[in-house]
Amino acid sequence: MNISKPLYPHLLQPLDLGFVTLKNRVLMGSMHTGLEEEKDGFHRMAAYFAARAEGGVGLIVTGGVAPNRAGWVAPFSLRLAKASQVEEHRLITDAVHRADGKICMQILHAGRYGYHPLCVAPSTIKAPINRFKPRALSDRGVRSTIRDFVTCATLARDAGYDGVEIMGSEGYLINEFIARKTNLREDQWGGSFNNRIRFPLEIVRGVRQAVGPNFIIIYRLSMLDLVKGGSTWEEVVMLAKEIEQVGATLINTGIGWHEARVPTIATMVPRAGFTWVTKRLMGQVGIPLITTNRINMPEVAEAVLAEGCADMVSMARPFLADPDWVRKAKEGRSLEINTCIGCNQACLDHIFARQSATCLVNPRACRETIMPFVKTAAAKKVAVVGAGPAGLACAVTAAARGHQVTLFEASGEIGGQFRLARQIPGKGEFAETLRYYQQQVQLNGVSMRLQVAPTAAELQAFAEIVISTGVKPRPIDIQGSEGTNVSLYPEVITGRKLVGARVAIIGAGGIGFDMATFLLHERSGPETPAAFMGAWGVDMEYGGEGGLGEVRREAPARTIYLLQRKTSKPGVRLGKTTGWIHRSILKKNGVKMLIGVEYLAVTAEGLRIRHEGREQLLEVDDVVVCAGQMSELGLAKELDALGMRYHLIGGALKAGELDAKRAIAQGTEVADRL
Ligand code: NAP
Ligand code: SF4
């Protein structure tokens, strides 16, 4: 008799909401993708959500939809306020229901975060992350906004949604009413806590009355504001109880306002790092609680539920990375999951740059209709040379399409620059991408030839040749640069060279920042949630407003100089949503960042530079060079000489602004065309 242990028994257990049962405890959390505002956006959203529903997720929540113009996140954001706007939403709800899924629409009023001149708030206090100052809503304005929420929810029901999520966190309008920080009103909507929560309670009460009992209402409650003047824990509990009373079906967790200076979802946040917050609320209300933030693998999600942190888990970005996340978990194939690495590079950074989102590790995300996966009708022999991110993406995609692929790699291991990235503290998730590719190589029958650098002659047997030979680090050429106290960044990251307690880093790009982080933390192991919270001043005892406490400081492992020749702000080209975190880590640890530096010589005493017109010696034991890269083009030149055709991708094509997002997208696109 084969008695196998059930897989993820908590995660895959249905959730009975009384009038409806969700097939498992996995919520695809709300995320703005930019498709909302694209031409043909509804068709594209329908395909995007349907793919996730087919993948087996228990409940989907759409990106935020404004209940009125003032609630736009940006001018002309998606709004649902009139019956004439209902029909297009049916494309989404029908597609999801055909795929046996369930979907709620999120109602989001941006409040003072609205990036437009019509933005409103409880009081006229400008957000530090917005240049538009809000207008304070009048009493009449507050009442009509509540009506707009109710109308929006009713229209969502008419459009076929299974429910709505009312966005009450992240520092948007509802949250602004609740927090003392942003609500200075003296009428019935401000002052005492009971007055400040009147706005969300009236909204949820009104929505419940309008939509009837058999419609899901999720309330996203800010359980940890992470700003001064935010809610206390006692207030969070009181609000949750009231929200239950006025008719919510589920309470979802919100962590941190957008203006908070604590990382909440970036890759350096420990996995499931904030689930302790939801756990505090468990048992205080009768309706199910959903927890969130940096949950990206089934093992993590299962542990969160098994430990009683919540009744359900929400993940947003992991469903960009892999639409089949739930199906793979269910079938015991979690090693095949394309894991979200929390980089934000192709999702949130795109949204901030007003581009539609996609995913660094899955370039088909949000492009389901324009970049479909199609099997080939004519299998070819394909050689891919170089198993970094570009080559891996190309090889596994081509093989999945039916081509016969050989992947050559000169070193003994796949991964290219990702092998270095995964060593950086807080970037351990990059190892997941390599695990994913390793699996795909095997599953798709790619013939892997490690420690083989093929010659042009050997490649003649292939119908298609893809060169993804990557990059080599750019050395510097100054007096003394050949000395033993000068290292290239890969030598240090791989441990081939050890450096002393005082280090100068030449080059303050992404790798220079990574190197500084690496050298600061080299002595410590992976960060625990408690260590992370302490370092960022989050009070896990939740003694005061917003959950903020003392920042715990540790002596840094080294004295570090981070240098660049340009006079621009260091790290200015780092990701929009993560750059501030990297700068903040370095500043907190006393890294001295110098700009406008001229490098003169390396001597036994250190690095001689000219800075602000003055020659000086930085007394350091070692100099680490992070001065960018050059394309590795030896093989491509050989092929050129023989007149052989090939496709050039990744860092080998363009070393400047070396970029994993571009590399993986290029690899996939070239494979799609073979
Ligand atoms: P990079 O961003 O191009 O930076 C190279 C640095 O080297 C620059 O600071 C440049 O500044 C300096 N440099 C260039 N040539 C030099 C020379 N001959 N001598 C001395 N200094 C020189 O390259 P990277 O740091 O290697 O990063 C590669 C890519 O990966 C980038 O696109 C980066 O954004 C990305 N990345 C991002 C992250 C992140 O977002 N956290 C992390 C890692 C990598 P000056 O010319 O002003 O001196
Ligand atoms: Fe996750 Fe990065 Fe993809 Fe965004 S771009 S979904 S953070 S892997």
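Just so we're clear, the structure is a prediction, and the values are computed from it rather than from any experiment. By convention here, the first residue in the shown sequence is residue 1. Ligands are counted one by one from 1 in listed order, and the atoms in each one are counted from 1 as well.
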Problem - 4.0 Å heavy-atom contact, Tyr599 with ligand 1 - result: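 Yes; Tyr599 lies near enough to ligand 1 that a heavy-atom distance drops under 4.0 Å.
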Exercise for the section: Tell me, please: is Lys576 in heavy-atom contact with ligand 1, that is, under 4.0 Å? Expected result: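 So Lys576 does not count as touching ligand 1.
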Exercise for the section: Using side chain to side chain donor-acceptor pair (under 3.5 Å) as the criterion, list what pairs up with Lys497, not counting sequence neighbours. Expected result: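 By the side chain to side chain donor-acceptor pair (under 3.5 Å) rule, Lys497 matches Ser487.
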Problem - Those residues that, when tested against Asn444, pass side chain to side chain donor-acceptor pair (under 3.5 Å) (two or more places apart) - result: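 Applying side chain to side chain donor-acceptor pair (under 3.5 Å) to Asn444 gives Gln440.
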Problem - Carboxylate-amine/guanidinium proximity below 4.0 Å for Glu299 and Arg271 - result: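 No, Glu299 and Arg271 are not salt-bridged.
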Practice task
Determine whether the side chain, the backbone, both or neither of Arg662 has a heavy atom under 4.0 Å from any heavy atom of ligand 1.
Solution key: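 Arg662 to ligand 1: no contact under 4.0 Å from either part.
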Is a side-chain donor or acceptor of [X] paired with a backbone partner of [Y] at a separation under 3.5 angstrom?
| X | Y | answer |
| --- | --- | --- |
| Asp659 | Lys661 | yes |
| His350 | Ser356 | yes |
| Asn24 | Gly56 | yes |

So [Y] and [X], do their side chains get closer than 4.5 Å, heavy atoms only?
| X | Y | value |
| --- | --- | --- |
| Glu165 | Ser30 | yes |
| Ser411 | Arg419 | yes |
| Glu429 | Val361 | no |

Problem - Residue-atom pairs from the protein, N, O or S only, that lie under 2.8 Å from atom 2 (Fe) of ligand 2 - result: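 The answer is Cys343 SG.
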For ligand 1, which atoms have a heavy atom of [X] less than 4.0 angstrom away?
| X | answer |
| --- | --- |
| Cys626 | 5 (C), 6 (C), 7 (O) |
| Ile476 | 19 (N), 20 (C) |
| Leu574 | 39 (C), 40 (O), 41 (N) |
| Gln629 | 26 (O), 28 (C) |

Between the candidates [options], which shows the shortest non-hydrogen contact distance to [atom]?
| atom | options | result |
| --- | --- | --- |
| atom 2 (O) of ligand 1 | Ala660, Pro475, Gly509, Cys343 | Gly509 |
| atom 23 (O) of ligand 1 | Ala508, Gly628, Ala266 | Gly628 |
| atom 47 (O) of ligand 1 | Arg474, His582, Lys566 | Lys566 |
| atom 17 (C) of ligand 1 | Arg565, Gln564, Glu598 | Arg565 |

Problem - Passing option when Leu108 is tested against Thr62, Val65, Val73 for side chain to side chain contact (heavy atoms under 4.5 Å, CB included) - result: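 With Leu108 as partner, Thr62, Val65, Val73 yield a single side chain to side chain contact (heavy atoms under 4.5 Å, CB included), made by Val73.
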Practice task
Establish, from distance only, whether the side-chain atoms of Asn296 and Arg317 form a donor-acceptor pair under 3.5 Å.
Solution key: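 Not at all, the side chains of Asn296 and Arg317 share no donor-acceptor pair under 3.5 Å.
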Practice task
Would you check whether Ile506 has a nitrogen or oxygen atom less than 3.5 angstrom from a nitrogen or oxygen atom of ligand 1?
Solution key: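 No, Ile506 has no N/O under 3.5 Å of an N/O on ligand 1.
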Handout entry: Qualifying residues under side-chain contact (heavy atoms from CB on, under 4.5 Å), relative to Arg327, sequence neighbours excluded
Key =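 So Arg327 forms a side-chain contact (heavy atoms from CB on, under 4.5 Å) with Glu54, Asp324, Glu331, Arg333.
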